[in-house]
Structure formats: structure tokens, C-alpha cells
Amino acid sequence: WIRDLAGQDAREADIFGIRPIVWYRASVILSAEAMGCLNSTQTVQTPAGRRRLTVGAVEDTGAEEKADIAEEDRGLITALSASSVMELLQADDTASGRRFSIGSQTDQAKTSFANKTMAHLGDEVDVVSSGLGYTCRKGLKPESPNQDSWMVLKVDGNFSIYGVFDGHGKQGHDVSQYVKDTLPKLILRDPRFKTSDMPTMLFDNFKKVQSLVMTMDRMKKLSAQMSGTTATLVVHDHAENKITVAHVADSTCVLGSYKDASKSTFVGVALTRDHKPDLKDERARIEKAGGRVVFDGYANHRVYAKNARYPGLNMSRCLGDLMGHADAGCSCEPEVSERILLPKDNVLLLCSDGVWEFITPQEAVDMVGRKSPGQAMNTADTLAKEAWDRWIREEGGAVVDDITVVLIYLKEQNKPSP
């Protein structure tokens, strides 16, 4: 009966343009489940070099979407690519004052711990007075370039946007770069930006950028079937002294505050929760959608389609990863929160999980909180180096994830640039 099932699946595969061998493997897995060989407590072994990384053991299905390209998304993609964020800001009469945009650019460098290429638009940034630190370091993964991306956009006295995006999969660097470039543009174009509808606006634009990634994949401008990215984005309203945080996956945002009036000790609090498949609500959504959650035998629970060995993600929400969204219950919907900043609030950290794998929020805040805002760049580098050293120590030099730090000294952001 397995042969019959495989033959039936092969015929269905032919219709959808999927290689029959993949469906045959899925049939074997299905038959094993029917005989009780697999269950919800099973483990899927992850290769040693990928045990702590986002994507574990997977099989490449080679599937391609055949649906028609949405004309609305095609037009929006064209419009967004025609304008930089600086040009969008120039069209906003309320965004007066000095302004700049800085962020990473995709490069093919393979040197471990090399800093990723950066692009700068707009007014010059005084790194001493800005209270901003940023670094994006290549991990110890010889098979891929640095897949992290980051950005900072600031208009003096008005608002800032900070973002970190951690790509995964063979083309994760392209997906993280696209989301890093596109999501801020969608936000700036949205009439709900800087209104009371900010949380809903961010929620909707995370979903919109996922739709654009899907369309870009269908247009063969991105490869996002089995590649994707995290996304953590903060809108800092300087006038209201408020931050709005939206995220999917595990690039944690941490707030560091003074514990008391002495300003000698600090409290580090994560403003985001990591979207992991074994969380009760995340597992329920995945299983309801037909996916399954499997422990990998080492450090992570991973998401798989019901009868297949993909996508193998150690996160339950993400952008891109189109097959994981279609077949395994992954979600692109962000969790969004707002917070009024208090006088005790000192620093904000947005980092990829290359930092958080072996460093706690409290440890990170203790490292950066005592430093002067004028040393922000060196402080970000110091935190990245500490993360690197801990990876080497804990993993024996076998693997180090890409490491990104965006550090914001909050008091400095309301001061006009010199």
C-alpha cells in the first residue's frame, strides 16, 4: 500500500510540478507514523555544525509556486524600488530637521568576524554625539555570507526607526536585506505612521512585506521558499518619548534601566519574547495548521510540515520561508507593544540571536550600561566580541552564528545633532 500511496502522491506531484521522489519520502514518513514509529515526542537529529543554528536538517523539495503574480504587489514593488527612504522623507512636510539612514548592505565576504558593509544616506552622523553603536559581524559559517541585516533611520527631534533582521536558509541574506530595505519604506508611506494607529499599522505592514516577499519569489527576484528572516523593529517617537516594538522570531529587543536613583546598578528586561515552536500557543497554531513540532535531540524544537522534513526552523514566526508558512503553520504576524520611556530608562539593545544564545539580557545591559554614550561604537563591538568568545568556548570553535548589535543610548536621542 505504500507503493500505491507513493504512486498517488507522485501523480499529484506531477500536477504541481514537484519532484515525485519528495512525495515518496513523505509517504514513507506517513507510513512510519501509521505504524507508531513517529510521534509528537520524536527527535530529528541535527548535524553537529547546525545544532544551534536556525535551520536544522531539511530536505530540499524544489517546489515552486505557480500562482499568478498579484498586480497590486508588482506595482508596489516597482514604486518602492524607485525611491530611497531619504526621498520618502523629503515628501513628508512633518519630518523636518537633520536626517540620516544607515544600515548594512549585502556582501559576499567570508572572513570570520568581519564587519558587514554599511551604506549611509542623508546628513553625516557624529558617532561620538549620536549615542548610537552598531556592528554586524560575520559568524563562523564558511558556507554562507553574513546573513544578518540592520538599519537605523533618524529625523532629529521627531522620530527614529531601528531594526535588526537575521536571515537563514541558503538565500537568507537576500531576504533579510530585502525586508530591511522595504519595511521602513512601507511604514513611511503609511498615513497611520505617527498616529494612535501605529500598532495596527506595524502589524499590517509586517503582513504586507511578507506578501511582497512572496511576489518577489514568484517574479524570481528572491528565493524565499526555504529562506527567510527574523524581524525586530522599533519606532521611537522622540516628541512623545515612546517606543513601539514589533517583531517576529528571536532577534530580541532589550531595555536597560537604572535600578534606583544612585544609577549604579541596572535592570535588563526583554521587550520581546522569542517565538519558539514549543511555546504552548505557538505549538497549538502550528499543529492546527497541519505542522508538527519536533525536538532535534540537542538544543531546539523545530517546525516541520506534517509528512515531510522541511522547513526545520527553530522559530515559529518569521518573514519569507514560504513553504513553512504554506505547509507547517509558520506565521508572519508580529507581536506589537508600546512603552512610554521613563527617566530611569537608559539603553535599548536590538541584537540577533548570535548575541543572545549565550548572553542574558541582564548581562548585556550590565556590559553597556556603565559606558559613556560617546563610546557607543566601541561598546557595541565589545558586546559582539564577548558573544563571539562565548560561542567559541561553548561550541568548541565548531560554529559561530552571525552577530549583530544595535545599541541606542536613549537620553542622547532627544538632543539635536551638532
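When a residue number appears, it is its place in the shown sequence, counting from 1.
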Check the side chains of [Y] and [X] for a donor-acceptor pair under 3.5 angstrom, ignoring hydrogens and angles.
| X | Y | result |
| --- | --- | --- |
| D107 | T117 | yes |
| Q171 | S223 | no |
| S160 | H238 | yes |
| S352 | D166 | no |
| S227 | D174 | no |
| T229 | S176 | no |
| Y310 | D327 | yes |
| S257 | N346 | no |

Any salt bridge linking [X] with [Y]? Criterion: basic side-chain nitrogen under 4.0 Å from a carboxylate oxygen.
| X | Y | answer |
| --- | --- | --- |
| R292 | E287 | no |
| D401 | K141 | yes |
| E87 | K185 | no |
| R283 | D281 | no |
| R302 | D296 | yes |

Which atom of [X] lies closest to which atom of [Y], heavy atoms considered:
| X | Y | answer |
| --- | --- | --- |
| I161 | I187 | CD1-CG2, 4.3 Å |
| P311 | M226 | CA-CE, 4.4 Å |
| P184 | V179 | CD-O, 3.9 Å |

In Å and rounded to the nearest 0.5 Å, what is the SG to CG distance from C253 to L233?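 If we round to the nearest 0.5 Å, C253:SG and L233:CG are 10.0 Å apart.
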State, yes or no, whether a side-chain contact exists between [X] and [Y] at a heavy-atom distance under 4.5 Å.
| X | Y | result |
| --- | --- | --- |
| T111 | K138 | no |
| Q375 | V128 | no |
| C330 | D321 | no |
| V355 | V405 | yes |

Provide the full list of salt bridge (charged side-chain N to carboxylate O under 4.0 Å, His left out) pairs with a residue in residues 376-391, sequence neighbours left out, each pair given once.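 Qualifying pairs: R137-D381, E363-R390, K385-D389, E386-R390.
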Suppose the criterion is ring-ring contact (aromatic ring centres under 6.0 Å, His included): which pairs have a residue in residues 172-206, not counting sequence neighbours?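 As it turns out, the ring-ring contact (aromatic ring centres under 6.0 Å, His included) pairs with a partner in residues 172-206, which skip direct neighbours, are F159-F193.
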Picking from H275, R317, K276, what satisfies side-chain hydrogen bond (donor to acceptor under 3.5 Å, both in side chains) with D250?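 Running side-chain hydrogen bond (donor to acceptor under 3.5 Å, both in side chains) over H275, R317, K276 with D250 returns exactly one hit, K276.
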Indicate, with yes or no, if the rings of F358 and W391 have centres closer together than 6.0 Å.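 Distance test on ring centres: under 6.0 Å, yes.
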Taking atom NZ of K411 as the centre, does the number of heavy atoms from other residues, nucleotides or ligands within less than 6.0 Å exceed 12?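 Yes.
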Verify ring-ring contact (aromatic ring centres under 6.0 Å, His included) between W388 and F113, making sure each step is shown before the conclusion. CA-CA 8 Å; W388 174 277; F113 207 63; 5.2 Å; yes
